[in-house]
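I have placed the structure first, in the form of structure tokens, so that the comments after it can refer back to it.
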There are 2 protein chains.
Amino acid sequence: MTAITASEEIVLEQPCPIRDVLDRIGDQWSLLILEALAPGTLRFNALMREIGDISKQMLSRTLKQLEQDGFITRTLYPEVPLRVEYALTPLGHSFLEPMQQLVAWADTHHRTIVAARLQYQASQT
Amino acid sequence: MTAITASEEIVLEQPCPIRDVLDRIGDQWSLLILEALAPGTLRFNALMREIGDISKQMLSRTLKQLEQDGFITRTLYPEVPLRVEYALTPLGHSFLEPMQQLVAWADTHHRTIVAARLQYQASQT
DNA sequence: CTGAATCCTATGGGATACTG
DNA sequence: CAGTATCCCATAGGATTCAG
């Protein structure tokens, strides 16, 4: 079938655990979403505003992925107009801990990296 | 110019530090390479064997990126046949510390995630 | 309001052949 | 041995439109 599967299939598992996890949250948006939800529950449009430059498309897709993987919960309130709230699960919260270490590292060493790039560029004449 | 720039331009910096860092090492190979170099210096083909399923193309590109950003050094020994050795810099080593936390997290919670996927799949009837 | 479907482009990454 | 250049395909992601 060359056709794109309409209801996107769920890939259950990849060989390497770390790859499996990083492939999922290593995209452009997952991490941003998780951190946006760290302070507390948010609705779809609130997330849009919070993140700023994400498209509805990608927010929707990524939220679904994160829900699949158990990082967040999606709660539908069948009111009019519709209300949907997203929140971190305990798994999602626990993930942010090691992640904060990385964020801290990035903040600390960012200038070093930029400097390295400048130096490399200069060394290439 | 629609033509692809032959000598790939160096992007010096992106607005958000964490994005800037993650965009660079969030690809499919950077992390694997860094961890392969953790025990010590390796040559090009040794890295190929160590990583297993990477193409020369991607290994070459990614090594260059990592060198640019100051994570690794490239040392050329102009012998015959040519010998090139790659090694972590202090920056590269320091990066692996927070990264180990994440790897540990992934190992610990991998089964939970797979379980979540199964449950989600089931819940979709 | 909360998405799903469609269309389109840019990029990541593999395979292969060629060079110093 | 250590790459670079070229070709090609699959996927990420934006914009827009449609639906519940």
Side-chain angles (χ1 to χ4, degrees), chain A residues 1-9 11 14 19 22-33 37 41-68 72-87 124, chain B residues 1-9 11 14 19 22-33 37 41-68 72-87 124:
Chain A
M1 294 209 290
T2 61
I4 290 142
T5 55
S7 43
E8 347 209 352
E9 50 185 311
V11 177
Q14 285 191 304
R19 281 238 59 78
L22 280 186
D23 280 356
R24 285 305 183 75
I25 49 84
D27 64 67
Q28 191 172 159
W29 302 116
S30 295
L31 185 55
L32 254 16
I33 292 176
L37 288 176
T41 296
L42 281 180
R43 301 177 57 175
F44 190 87
N45 279 348
L47 270 169
M48 288 272 293
R49 282 189 299 274
E50 194 71 20
I51 297 178
D53 56 347
I54 190 173
S55 66
K56 296 166 60 170
Q57 165 96 276
M58 285 314 298
L59 180 55
S60 177
R61 281 192 202 170
T62 311
L63 284 171
K64 193 182 291 180
Q65 291 268 338
L66 291 174
E67 187 195 358
Q68 276 181 195
I72 65 175
T73 59
R74 175 184 185 276
T75 312
L76 168 67
Y77 298 88
E79 311 164 350
V80 178
L82 218 54
R83 181 162 60 102
V84 179
E85 293 195 338
Y86 293 92
Q124 300 306 93
Chain B
M1 295 208 289
T2 60
I4 291 143
T5 55
S7 43
E8 346 209 352
E9 51 185 309
V11 177
Q14 284 191 305
R19 282 240 59 76
L22 280 186
D23 279 356
R24 284 305 183 76
I25 50 84
D27 64 66
Q28 190 171 158
W29 301 116
S30 294
L31 186 56
L32 254 17
I33 292 176
L37 287 176
T41 296
L42 281 180
R43 301 177 57 177
F44 190 87
N45 279 348
L47 270 170
M48 287 272 292
R49 283 189 299 275
E50 194 70 20
I51 297 178
D53 56 348
I54 190 173
S55 66
K56 296 166 63 169
Q57 166 96 272
M58 285 314 297
L59 180 55
S60 176
R61 280 191 202 171
T62 312
L63 284 171
K64 194 180 292 179
Q65 291 268 338
L66 292 174
E67 188 195 357
Q68 276 179 196
I72 65 175
T73 59
R74 175 184 184 274
T75 312
L76 168 66
Y77 299 88
E79 311 164 350
V80 178
L82 218 54
R83 181 161 61 101
V84 178
E85 294 196 336
Y86 293 92
Q124 301 305 92

### Message
Let's see if you can work this out: which of C/dG14, D/dA2, D/dG13 has an atom nearest to the side-chain heavy atoms of A/Q28?
### Response
D/dG13
#### Entry: Between C1' of C/dG13 and CG of B/L32, the distance in whole Å
14 Å
### Distance, rounded to the nearest Å, where A/R61 contributes CZ and C/dA5 contributes P
11 Å
### 5'-most by nearest nucleotide on DNA chain C - A/P81 or B/K56
A/P81
### Query
Rounded to whole angstroms, how far apart are CG on A/L59 and P on C/dA5?
16 Å
### Message
Taking 4.0 Å as the cut-off, does a side-chain nitrogen or oxygen of B/R83 come that near to OP1 or OP2 on D/dA2?
### Response
no
### Task
Can you tell me the distance, in whole Å, between the CD1 atom of A/I54 and the C1' atom of C/dT2?
14 Å
### Task
Pick out which of A/L63, A/D53, A/L66 makes a side-chain contact (heavy atoms from CB on, under 4.5 Å) with A/W29.
A/D53
### Message
If I take atom CG in residue A/D53 and atom P in nucleotide D/dG13, what distance separates them, rounded to the nearest angstrom?
### Response
12 Å
## Note on the structure
Residue pair A/L82/A/S60 against DNA chain C: nearer the 5' end by closest nucleotide is A/L82
### Message
Using a heavy-atom cut-off of 4.0 Å across all strands, would you classify B/E79 as base, sugar-phosphate, or nothing?
### Response
nothing
### Message
Taking the minimum atom-to-atom distance to the side chain of B/M58, which one of D/dA2, C/dG13, D/dG13 wins?
### Response
C/dG13
### Message
Quick check: do B/Q68 and B/R24 have side-chain heavy atoms less than 4.5 Å from each other?
### Response
yes
### Task
Select base, sugar-phosphate, or nothing to describe what B/Y86 touches, counting heavy atoms under 4.0 Å on all strands.
sugar-phosphate
### Query
When the distance from CD1 of B/I33 to P of D/dG3 is rounded to whole Å, what number comes out?
12 Å
### Message
So B/T75 and B/T41, do their side chains get closer than 4.5 Å, heavy atoms only?
### Response
no
### Task
Report yes if some heavy atom in the side chain of B/Y86 is under 4.5 Å from a heavy atom in the side chain of B/L59; otherwise report no.
no
### Task
Given side-chain contact (heavy atoms from CB on, under 4.5 Å), test B/Q28 with A/R19 step by step and report yes or no.
CA-CA 8 Å; B/Q28 190 171 158; A/R19 281 238 59 78; 3.9 Å; yes
### Task
Let me know the distance between CZ of B/R74 and C1' of D/dA2, rounded to the nearest Å.
8 Å
### Task
Starting from P on D/dC18, measure out to CD on A/Q57 and report it in whole angstrom.
15 Å
